[in-house]
Amino acid sequence: MEIIQSRKDCIEIGRTSSYGNDLLGMLLNEMQKKKTGNGFSINLQLIMDECKTFFFAGHETTALLLTWTVMLLASNPSWQDKVRAEVNQVCNAGSPSIDQLSKLSLLNMVINESLRLYPPATVLPRMAFEDIKLGDLNIPKGLSIWMPVLAIHHSEEIWGKDVNVFNPDRFASKSFAPGRHFIPFAAGPRNCIGQSFALMEAKIILAMLISKFSFTISDHYRHAPVIVLTIKPKYGVQICLNPLNP
Ligand code: HEM
């Protein structure tokens with residue numbers, strides 16, 4: 001509310017004529033226009049709700065992706081070394097640029113494997129708004145359906161005998177159906193709007209971390225993933241960081 005008020009104040013005292021061109025600014029500018037073409041109008045309550053959705057959907061999910069990926073890299077030194085060699089070769093000791101990010105294919109495989117084993121969103125709840133026939137299934141209007149992302153990502157039938165093993169190599173080939181068997185960001189028209197942003201953010205942070213530090217898992221770490229809507233490490237993830245080339 002304070003951020004919104006300060007932007008309103010800037011307009012009122014004539015410092016600027018627009019609320020800004022970031023997402024919040026765009027929503028506030030839309031609110032000024034009153035009604036959009038289809039009669040839909042944005043009010044302050046809706047803007048605050050959108051901000052909360054973005055915070056809820058975007059903050060903890062990305063933080064958990066980073067947490068579990070660091071845990072997996074710390075516990076798998078050979079993959080840590082491979083990813084570090086790739087980052088050093090592609091980024092040449094600097095911060096990764098946007099073109100370099102797409103060349104970090106081993107890091108991408110590690111992130112995918114982390115999202116498979118520990119998908120931050122473990123279930124996708126849906127409600128049937130009308131009677132639907134899906135194959136042999138009759139789904140009546142009003143039925144609540146939960147798509148079990150975690151179970152799909154841990155299905156031996158889909159992923160094979162090593163389903164519970166950290167093996168990023170499985171993402172080197174597309175031997176699975178991306179929109180059906182691997183759905184950390186859901187799929188279809190209501191999939192995650194922040195997917196590209198989250199992956200970009202995660203790659204930048206992990207590339208910078210891995211080029212500056214080597215890390216091992218602390219003796220104090222107790223592996224205890226718990227599901228409270230998202231998958232969290234119950235006792236945190238304790239990591240020992242050793243600076244490289246200090
Ligand atoms: C690793 C990070 C992330 C994961 C795993 C993730 C996962 C998901 C999933 C599974 C959904 C679909 C939920 C459903 O249909 O029931 C979703 C929706 C959404 N996500 Fe993300 N998300 C991540 C990061 C972000 C970020 C960074 C943002 C915003 C900056 C964001 C914004 C949203 C929004 C607004 C929706 C609702 C989209 C809609 O209903 O049309 N997410 N996310």
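We count residues from 1, following the sequence as given. Every number for a ligand or one of its atoms is a count from 1 in the order of the listing.
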(message) Check the orientation of W159 and H153. Use parallel for under 30°, tilted for 30 to 60°, and perpendicular for over 60°.
(response)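 Because their plane-to-plane angle is over 60°, the rings of W159 and H153 count as perpendicular.
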(message) Looking at E86 and K103, is any side-chain nitrogen of the basic one under 4.0 Å from a carboxylate oxygen of the acidic one?
(response)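 A salt bridge is absent here (no side-chain N lies under 4.0 Å from a carboxylate O).
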(request) May I ask you to check whether Q80 and N76 show a side-chain donor-acceptor distance below 3.5 Å? (result) no
(message) Taking the ring centre of each residue, are Y221 and Y235 less than 6.0 Å apart?
(response) no
(message) Counting neighbours of CG on D219 that are heavy atoms of other residues, nucleotides or ligands and sit closer than 6.0 Å, is the number greater than 12?
(response) no
(message) With side chain to side chain donor-acceptor pair (under 3.5 Å) as the rule and sequence neighbours excluded, what pairs involving residues 186-201 come up?
(response)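 Non-adjacent pairs meeting side chain to side chain donor-acceptor pair (under 3.5 Å): zero.
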Exercise answer, ligand 1 polar atom pairs (N/O) under 3.5 angstrom:
residue: ligand 1; atom: 15 (O); partner: R126; partner atom: NH1; Å: 3.1
residue: ligand 1; atom: 15 (O); partner: R126; partner atom: NH2; Å: 2.6
residue: ligand 1; atom: 16 (O); partner: R126; partner atom: NH1; Å: 3.0
residue: ligand 1; atom: 40 (O); partner: R190; partner atom: NE; Å: 3.2
residue: ligand 1; atom: 40 (O); partner: R190; partner atom: NH2; Å: 2.9
residue: ligand 1; atom: 41 (O); partner: R190; partner atom: NE; Å: 2.8
residue: ligand 1; atom: 41 (O); partner: R190; partner atom: NH2; Å: 3.2
residue: ligand 1; atom: 42 (N); partner: A57; partner atom: O; Å: 3.3

